[in-house]
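The structure displayed is predicted, hence computed values, not measured ones. Heads up: numbering here begins at 1 and tracks the sequence.
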Amino acid sequence: MAINYSILAEVVNITTDSPKADDVFLVDTNVWYWMTYPNATSYVPSQLANYPGYLNKALAADSKIHHSGLSLAELSHLIEKTEREIYERSNGTIRPKEYRHNLSGERSRVASEIKAAWCQVVSLADPLAVTIDDITATAALNRLQTEKLDGYDLFILESMKNHGVIQVITDDGDFATVSGIQVFTANRNVIVAAKNQGKLKIR
């Protein structure tokens with residue numbers, strides 16, 4: 001079933017856009033996955049080319065680049081899942097908990113991959129701090145009532161709001177349903193929906 005995005009953000013197509021020195025980006029987890037993890041092959045080739053390519057252009061243009069510490073949790077999950085899938089190709093199906101606890105060599109390798117990826121993230125981007133206290137949790141819960149986001153993204157958006165950052169580089173179409181931000185993406189479904197709804201921004 002096709003996703004019916006109701007576009008409220010301004011959407012920028014990164015395949016035709018050039019980053020600028022005054023851009024201030026939060027980079028979403030999926031982009032860090034493709035940028036920093038060499039085994040990130042479970043997605044379409046255009047994602048592996050478009051997002052790291054655009055991020056490299058942003059760095060070359062002296063755009064300000066931020067990461068969220070919350071991305072470490074998501075990135076860890078994605079890397080462990082991918083490594084387990086690679087292991088299963090040669091060894092057969094294994095449950096996630098068995099993979100994590102029963103194979104010490106695999107666990108060591110997964111931890112090394114996560115550490116290497118995260119070291120790249122922190123070397124390329126400044127942290128966008130978020131304190132998850134009662135105030136932030138309540139704000140995220142309120143946002144959940146009106147915006148179609150997962151739990152991590154709710155807190156990432158709160159951190160963006162608290163730091164005055166409105167630009168996010170992501171393949172996640174959920175961000176495009178949030179008003180007051182600019183979504184820099186190569187997601188064709190989001191770009192087409194944004195064009196049809198008059199929300200595609202040409203810079």
Side-chain angles (χ1 to χ4, degrees), residues 8-12 14 17 19-20 22-37 40 42-43 47-48 50-59 61-82 110-111 113-187 190:
L8 298 177
E10 289 185 325
V11 174
V12 177
I14 65 169
D17 183 71
K20 299 169 176 48
D22 59 353
D23 284 328
V24 181
F25 295 115
L26 182 282
V27 179
D28 195 17
T29 306
N30 48 34
V31 179
W32 290 125
Y33 175 71
W34 298 315
M35 181 82 177
T36 66
Y37 174 53
S42 58
Y43 293 86
Q47 291 169 321
L48 294 171
N50 289 329
Y51 290 99
Y54 188 81
L55 184 51
N56 281 324
K57 288 179 185 176
L59 290 164
D62 290 327
S63 305
K64 189 71 174 174
I65 307 295
H66 290 286
H67 74 270
S68 171
L70 293 167
S71 287
L72 175 58
E74 289 186 297
L75 192 60
S76 297
H77 173 76
L78 285 170
I79 290 173
E80 183 181 40
K81 179 177 181 289
T82 303
V110 168
E113 291 286 359
I114 293 168
K115 182 178 180 181
W118 191 248
C119 284
Q120 290 179 69
V121 172
V122 299
S123 73
L124 295 172
D126 294 324
L128 205 61
V130 57
T131 301
I132 303 178
D133 55 14
D134 286 344
I135 294 170
T136 308
T138 299
L141 187 61
N142 290 338
R143 188 185 286 277
L144 180 67
Q145 310 305 310
T146 58
E147 296 169 351
K148 298 176 177 76
L149 301 159
D150 69 20
Y152 287 111
D153 294 343
L154 291 169
F155 287 118
I156 287 173
L157 277 166
E158 284 305 310
S159 70
M160 289 174 61
K161 177 184 171 185
N162 292 340
H163 291 275
V165 175
I166 64 167
Q167 297 173 308
V168 58
I169 303 173
T170 184
D171 194 65
D172 186 349
D174 294 348
F175 280 95
T177 68
V178 178
S179 63
I181 67 171
Q182 294 178 341
V183 174
F184 289 72
T185 189
N187 183 317
V190 171

Student: Any heavy-atom pair between the side chains of L157 and F175 that's under 4.5 Å?
Tutor: yes

Student: Nearest 0.5 angstrom please: I169 CD1 to F184 CZ, how far?
Tutor: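 I169 CD1 to F184 CZ: 7.5 Å, rounded to 0.5 Å.
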
Student: For H163, does the NE2 atom sit with more than 12 other heavy atoms under 6.0 Å from it, leaving out its own atoms?
Tutor: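 Yes.
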
Student: Backbone N or O of T136 within a donor-acceptor pair of the D133 side chain at under 3.5 Å?
Tutor: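 At least one qualifying donor-acceptor pair exists.
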
Student: Looking only at heavy atoms, which two atoms of V183 and A9 are closest? And how far apart?
Tutor: CG2-CB, 3.8 Å

Student: Quiz question: by atom type and distance under 3.5 Å, do the side chains of E74 and T29 form a donor-acceptor pair?
Tutor: yes

Student: Going by distance alone, is a donor N or O of one side chain under 3.5 Å from an acceptor N or O of the other, for Y51 and T170?
Tutor: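 Absent: no donor and acceptor within the cut-off.
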
Student: Of all heavy-atom pairs between K161 and R143, which one has the smallest distance, and what is that distance?
Tutor: CD-NH2, 4.1 Å

Student: How close do A176 and V11 get, counting heavy atoms only, and between which atoms?
Tutor: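 Here A176 and V11 meet closest at CB-CG2, 4.3 Å.
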
Student: Rounded to the nearest 0.5 Å, how far does CH2 of W34 lie from CG of N30?
Tutor: 4.0 Å

Student: Quick one: does any side-chain atom of E158 pair with a main-chain N or O of L154 as donor and acceptor, under 3.5 Å?
Tutor: no

Student: Is there side-chain contact between Q47 and Y33, with at least one heavy-atom pair below 4.5 Å?
Tutor: no

Student: Does any N or O in the side chain of S63 come within less than 3.5 Å of the main-chain N or O of K20, such that one atom is a donor and the other an acceptor?
Tutor: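 Looks like yes, one N/O pair under 3.5 Å.
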
Student: For I135, does the CD1 atom sit with more than 12 other heavy atoms under 6.0 Å from it, leaving out its own atoms?
Tutor: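 12 or below, so no.
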
Student: Looking at side-chain heavy atoms only, is the closest gap between D126 and H66 below 4.5 Å?
Tutor: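 Yes - at least one pair of side-chain heavy atoms lies under 4.5 Å apart.
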
Student: Return the CD1 to CG distance between I156 and D150, rounded to the nearest 0.5 Å.
Tutor: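 Going from the CD1 atom of I156 to the CG atom of D150 covers 8.0 Å.
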
Student: What are the two closest heavy atoms between G173 and N187, and how far apart are they?
Tutor: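 Between these two residues, the closest heavy atoms are N-ND2, 4.2 Å.
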
Student: Would the distance check show the side chain of T177 and the main-chain N or O of E147 forming a donor-acceptor pair, the cut-off being under 3.5 Å?
Tutor: no

Student: So, taking the atom named NZ in K57 and the one named CG in D23, what distance separates them when rounded to the nearest 0.5 Å?
Tutor: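 Result: 13.0 Å between the selected atoms.
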
Student: Are L124 and I65 close enough that some pair of their side-chain heavy atoms sits under 4.5 Å apart?
Tutor: no

Student: For I114 and L72, run side-chain contact (heavy atoms from CB on, under 4.5 Å): C-alpha distance rounded to whole Å, both residues' side-chain angles, the deciding distance at 0.1 Å, then the answer.
Tutor: CA-CA 8 Å; I114 293 168; L72 175 58; 4.1 Å; yes

Student: Starting at CD of E80, measure out to CD of E113 and round the result to the nearest 0.5 Å.
Tutor: 12.5 Å

Student: Taking all non-hydrogen atoms of both residues, which atom of T36 and which atom of Q120 are closest, and how far apart?
Tutor: O-NE2, 2.9 Å

Student: Are Y152 and S71 packed together at the side-chain level, in the sense that at least one heavy-atom pair is separated by less than 4.5 angstrom?
Tutor: no

Student: In a check of side-chain contact (heavy atoms from CB on, under 4.5 Å) between L70 and each of L75, I132, D153, which one passes?
Tutor: I132

Student: On a heavy-atom basis, which atom in F155 and which in V130 lie closest, and how many Å separate them?
Tutor: O-CG2, 4.0 Å

Student: Given side chains that start at C-beta, do those of V178 and V168 come closer than 4.5 Å, heavy atoms only?
Tutor: no

Student: Once rounded to the nearest 0.5 Å, what's the spacing between atom CG of D22 and atom NZ of K64?
Tutor: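 Those atoms lie 13.5 Å apart.
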
Student: Ignoring hydrogens and geometry, is there a side-chain-to-backbone donor-acceptor pair from W32 to V27 under 3.5 Å?
Tutor: yes

